[in-house]
Structure formats: structure tokens, C-alpha cells
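Notes follow once the structure below has been shown.
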Amino acid sequence: MKVIVLGSGIIGTASAWFLHKAGHEVTVLERATGAAQETSFANGCQISVSHAEPWANPSAPLKVLKWLGQEDAPLLYRFRAEWLQWKWGMHFLRECTPSRTTHNIRQIVAIAEYSRQTLQALRAETGIEYDHLTRGILHFYTDEREFEASLPAARLMRELGCPRESIGAEDVVRIEPALAAMRDKIVGGDFTATDESGDVYKFTSGLAKKAEDAGVAFRYNTTVTRLLHEGSGADAKVTGVEIIDDQGRHQVLHADAFVMAAGSFSVPLLQPLGIDLLIYPGKGYSATYRVTDPEAAPSVSLTDDGYKLVISRLGDRLRVAGTCELNGYTRELNPTRCAAITRRTRELFPDACDYESPAYWAGLRPLTPSNVPYIGKTRYRNLYLNTGHGTLGWTMGAGAGRAIADIVSGREPDVDFAFTGMPQRKTSSPQVTQPA
Ligand SMILES: Cc1cc2nc3c(=O)[nH]c(=O)nc-3n(C[C@H](O)[C@H](O)[C@H](O)COP(=O)(O)OP(=O)(O)OC[C@H]3O[C@@H](n4cnc5c(N)ncnc54)[C@H](O)[C@@H]3O)c2cc1C
């Protein structure tokens, strides 16, 4: 079959790779100059199966209220006169009950674990070099109550098969000696030895190159403006995509199947077809520092619970990422937020990096209220979704790509997950609002 994939972040690129492997003729349409130029460019770089707790959890509503209007808050909801944002917020609240949270964690762990295994196999097969480390993820706490609150989550992860061990402060510093200066402030942590980290941009662009060499057509500088469709009910299908190509010309491209992997921008592309995805852009920041003293910089990937920052060592660079602002599609950098990241990183590792010339970046996480992505079918029989991977798109990316290739090929994916628009195995699907 001829398959068109829309978007070449980690999700679209992994989808294209596995679709090609399944024997399809694949074209990827991407408006940027290359793969992984948007949200998959400079994220936190953690493959974090064991930290699958969604932001929507029982403690979230109070925290979000407390943080309202606080410029450097980890999660900042800026109210806008925008229906999607309000609707998203209402659904977010609904996902905060204990039972929904547990349900969502199960979903996320299932696809994330499958994805990590897929990524490991892909790494062995392709030999892509992406500064990856398999030294685990260490989450440390500086607030006693937050540490206490993390214990049930760690227990649930263990029940789900993730070896996330709750540990004391001494063990935190033993696992990552670069945290020694913080010893007195750390109250505990949890460590998952099987988690990983690595540069999502290097991996995605490397995979795109390998896929291109294998015969996938990547059309960069190509903006999709509209999906064309015909028929209704069971006969509804997408017939083509309207694009503006790299020469500025309008064209229509046809294919047998279409995979939507445009991250946050999947929403406006699908709305005219009556598919209302609950995805809202969650702007996050990162700072990348040059490591000047390798011994003083961490080499285990870290999560700083108090500041909601993740920290990954990428060769001779240190990537620190976090914070979320729900404020439309802007990627503007807020200097207060940038300065807060550098202040905290310098406090943690004063001698590790050059803090005078950080590379700041902002990207839009395609957030569903539950953080469970849409992977699967739509009511258009040849239109598929692989979008809404929120805070964990790098963690879920390889597996989501492999699963959608199975679905497009008419096979059942090898993972028990609530695929959109498909019969359930054990769990229920994220909500897609479509006209009757
Ligand atoms: C600060 C931050 C830290 C993060 N840290 C982590 C982490 O540690 N671990 C983790 O697992 N995840 C992390 N994430 C989340 C992860 O980065 C995202 O979930 C993931 O990158 C989403 O990938 P994607 O392919 O869906 O979207 P994108 O990478 O945004 O790709 C979508 C592509 O579609 C293209 N596109 C959009 N519209 C059109 C159009 N009309 N025509 C043509 N092309 C179009 C875009 O140009 C883009 O390249 C983080 C995110 C942020 C912002």
C-alpha cells in the first residue's frame, strides 16, 4: 500500500520506519527542513517507563490552583478565551480521580515498556549513535511529603513490573555522586535501573536518514494544509492531502492510507473532518549546557521532584528540561522560566557546566488530559492516528510507531493497550469525539 505519514517527529519517523519494514511504500510530509525540528528536538531525553504517572492525578487540582499566576510554576494554566483549552481543562479534572489515574498509568506503562524493548532492538539493528546511557533514572525528593506521596506510586509501578525502588538519601548520593553537595536537602528517592536516556533529536534524525536510505520518501519544507475526504458512514475515507511543497506550489497527494503524526497540530488538521482530538499544547522548556567538569556533572538521568525538572547527560552536554505552560501554540521563551532552570541547575551542580551560555529552547507537548495517546483507527477507514503522546513521546515513540504499522497492515499489535477505535482487550480507549 501507499502510505502517507504526516509529520516527522519521533512519532512520524518511527511510524514510517515500521511501515516500510511492513512492506508499504511510505512518504513522510514535514513542514520543517528536516526530521525532529519541533517537539522532538531538545526534550528531557528520558526513556522513563517507570515514571508513567500522568500529571492528572489526585494531587494535581490543588497544585494547579496554587500555581495559578506564578510565572516560574512547574505547571501554569493561563486561562484563554478558547473552547479547546477549557474543554481540555475539564477533562483533565475528570482524569484526576484515583481510579482514572491508576487506569491511565496502566496504559502508559504498557505502551512505554513495549516501546523501550522496541527501541533497544532498533538500536541494535541500526547502530544509531545518540548519546544514550543505560544507567537508569534516579528521581530525588527534597520535600518529605512528596517523598511519602511517591511511595504508593512506586509500589504500583513494581506491581506493573517496573523495578522502581524507593531508596534513602544515602543511596541517592551513592548512585549519583554528583549530587553529594545536595545530600542534606535530599530526603529520599526512587531508582529504576532499567530506564534509559538519550538524545531524541540524534536518534530521530538518524532513523529518518536510515529510512530514507531504505526507500522511504521524506518531503521536507512541505506543509499539509488540508485532508480531502469522501463518502460517509462505513464508506468514509481520506482521498488525499493538500500540500504547499518546497517550491511554494499547491499540490494534492494521494495514497491508500494516511497516518496523522503531527503532534499538537493534529488537532487543526483533523477538525474539518469532524474528528475532535482532545490534545492541547503544553509548552515546556529546556536548557542545554556545555559540561566543563565531567566528574561534577551527573551521568545518571535524574528527576528533580521539587522543581519538576529532568536532567540527562548527553555526552559533553547536560540537558535540563521541564515546566509546562498551557497557553496556546506560542513557543516564545519566557526569561523568568529560563533563568529559573539555570538557577536550579547551578545550585545542584555548581562546578559542572558553563552556565554563561546556555541554549534555551521551548517545545509543545501534544497533551491529552490523561497523557494516554491516540494510537489507532478513526471513522475514516484509511485514516490512522499516532498522536497525543504528551510528556512521554520519546519514551513511547518506537513502540507507538511499531504498533501503528501493525494496525495499518491489518495486524493486532503485540501489546495490550487501549488502541483508539479498536475493540478493547482489557482497558478502555481515550475519548475521541466524532459526529454520529
Ligand atoms: C520540555 C520537554 C521535555 C520533554 N521531555 C521528555 C522526556 O524526557 N521523555 C519523553 O519521553 N518525552 C519528553 N517530552 C515529550 C516529547 O518530546 C513529545 O511527546 C514528542 O516529541 C512528540 O513527538 P511527535 O512526533 O508527536 O511531535 P513533534 O516532534 O512535534 O512532531 C510533529 C511534526 O509534525 C510536523 N507538522 C505539524 N503540522 C504540520 C503540517 N501542517 N504539515 C507538515 N508537517 C507538520 C511538525 O513540523 C513536527 O515535525 C518532552 C517534551 C518537552 C516539551
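Heavy-atom basis, side chains included; hydrogens, waters and symmetry copies ignored. Predicted model only: the values in this text are computed from it and were never measured. Remember, it's 1-based here, ligands and their atoms both numbered in the order they're listed.
The pair Glu212-Lys209 does not meet the salt-bridge criterion, since no charged nitrogen lies less than 4.0 angstrom from a carboxylate oxygen. Looking at Glu146 and Lys63, a side-chain N of the basic residue comes within less than 4.0 Å of a carboxylate O on the acidic one, giving a salt bridge. Taking 4.0 Å as the cut-off between side-chain N and carboxylate O, Asp131 and Lys202 count as a salt-bridged pair. Taking 4.0 Å as the cut-off between side-chain N and carboxylate O, Glu30 and Arg219 do not count as a salt-bridged pair. The pair Arg123-Glu196 meets the salt-bridge criterion, with a side-chain N (NZ, NE, NH1 or NH2) lying under 4.0 Å from an Asp/Glu carboxylate O. Salt bridge status for Glu125 with Lys21: present, with a side-chain N to carboxylate O gap under 4.0 Å. Electrostatic pairing of Arg344 and Asp304 counts as a salt bridge here, judged by a charged N lying under 4.0 Å from a carboxylate O. Look at Glu176 and Arg135 and you find no salt bridge, because none of the NZ, NE, NH1 or NH2 atoms lies under 4.0 Å from a carboxylate O. One finds no salt bridge joining Lys283 and Glu332 here, because no Lys/Arg side-chain nitrogen approaches an Asp/Glu carboxylate oxygen to under 4.0 Å. Lys87 and Glu82 are not joined by a salt bridge, as no carboxylate oxygen comes within less than 4.0 angstrom of a charged side-chain nitrogen. Glu53 and Arg164 are joined by a salt bridge, as a carboxylate oxygen and a charged side-chain nitrogen come within less than 4.0 angstrom of each other.
Assignment of Ala261 to the shell around ligand 1 is supported, since a heavy atom sits closer than 4.0 Å. The closest approach between Ser48 and ligand 1 stays at or above 4.0 Å for every heavy atom of the residue. Within the structure, the closest approach of Thr222 to ligand 1 falls below 4.0 Å when heavy atoms are considered. Residue-ligand proximity: Glu30 is placed with a non-hydrogen atom under 4.0 Å from ligand 1. Proximity of Thr387 to ligand 1 is not established, as no heavy-atom distance is less than 4.0 Å.
The distance from ligand 1 to the heavy atoms of Tyr285 drops below 4.0 Å at these ligand atoms: 1 (C). Residue Thr395 approaches ligand 1 through these ligand atoms, each under 4.0 Å from one of its heavy atoms: 9 (N), 10 (C), 11 (O). Atoms of ligand 1 lying under 4.0 Å from any heavy atom of Thr39, numbered from 1 in the order shown and given with element: 17 (O), 18 (C), 21 (O), 28 (P), 29 (O), 30 (O). Listed by number with element, the atoms of ligand 1 under 4.0 Å from a non-hydrogen atom of Gly7 are 33 (C), 34 (O), 35 (C). Heavy-atom contacts of Trp394 reach the following atoms of ligand 1: 10 (C), 11 (O), 12 (N) (cutoff under 4.0 Å). Those atoms of ligand 1 that come under 4.0 Å of a heavy atom in Thr223, given as number and element, are 42 (N). Each of the following atoms of ligand 1 lies closer than 4.0 Å to a heavy atom of Ile10: 23 (O), 25 (O). Against a heavy-atom cut-off of under 4.0 Å, Phe265 is close to the following atoms of ligand 1: 37 (C), 38 (N).
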(request) Step by step, work out the side chain to side chain contact (heavy atoms under 4.5 Å, CB included) result for Asn327 and Tyr77. (result) CA-CA 7 Å; Asn327 187 26; Tyr77 199 98; over 6 Å; no
(message) Could you go through Thr194 and Val49, starting from their C-alpha distance and side-chain angles, then the distance that decides it, and tell me whether this counts as side chain to side chain contact (heavy atoms under 4.5 Å, CB included)?
(response) CA-CA 9 Å; Thr194 49; Val49 179; over 6 Å; no
(request) Begin with the C-alpha distance, continue with both residues' side-chain angles, and end with the deciding distance and a verdict on side-chain hydrogen bond (donor to acceptor under 3.5 Å, both in side chains) for Thr288 and Arg319. (result) CA-CA 5 Å; Thr288 308; Arg319 169 75 45 76; 2.7 Å; yes
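For the pair Gly393 and ligand 1, the shortest N or O to N or O distance falls below 3.5 Å. Geometrically, ligand 1 and Arg365 share no nitrogen or oxygen pair separated by less than 3.5 Å. Checked against a 3.5 angstrom limit, the closest N/O atoms of Leu6 and ligand 1 fall outside it. On a distance-only criterion, Arg31 and ligand 1 share at least one N/O pair closer than 3.5 Å. Taking any N or O of Ile11, backbone or side chain, at least one lies under 3.5 Å from an N or O belonging to ligand 1. Where the criterion is an N or O separation shorter than 3.5 Å, residue side chain and backbone included, Val224 meets it with respect to ligand 1.
Among protein heavy atoms, atom 29 (O) of ligand 1 sits closest to Ser40 OG, 2.5 Å. Ranking protein heavy atoms by distance to atom 16 (C) of ligand 1, first place goes to Asn43 ND2, 3.6 Å. Of the protein's non-hydrogen atoms, the one nearest atom 19 (O) of ligand 1 is Gly390 O, 2.7 Å. Thr391 O, 3.0 Å is the protein heavy atom nearest to atom 12 (N) of ligand 1. What sits closest to atom 27 (O) of ligand 1 on the protein, heavy atoms only, is Gly263 CA, 3.9 Å. Among all non-hydrogen protein atoms, the one lying nearest atom 9 (N) of ligand 1 is Gln46 O, 2.8 Å. Protein heavy atom in closest approach to atom 5 (N) of ligand 1: Gly44 N, 2.9 Å.
In this structure a side-chain-to-backbone donor-acceptor pair under 3.5 Å is present from Tyr374 to Leu278.
In summary, the side chains of Tyr360 and Thr342 do present a donor paired with an acceptor at a separation below 3.5 Å, with no hydrogens or angles considered.
If you check each of Pro373, Gly363, Gly34 against atom 53 (C) of ligand 1, the one with the closest non-hydrogen atom is Gly363.
Residue-level proximity to ligand 1 for Cys45 is carried by the backbone, the only part with a heavy atom below 4.0 angstrom.
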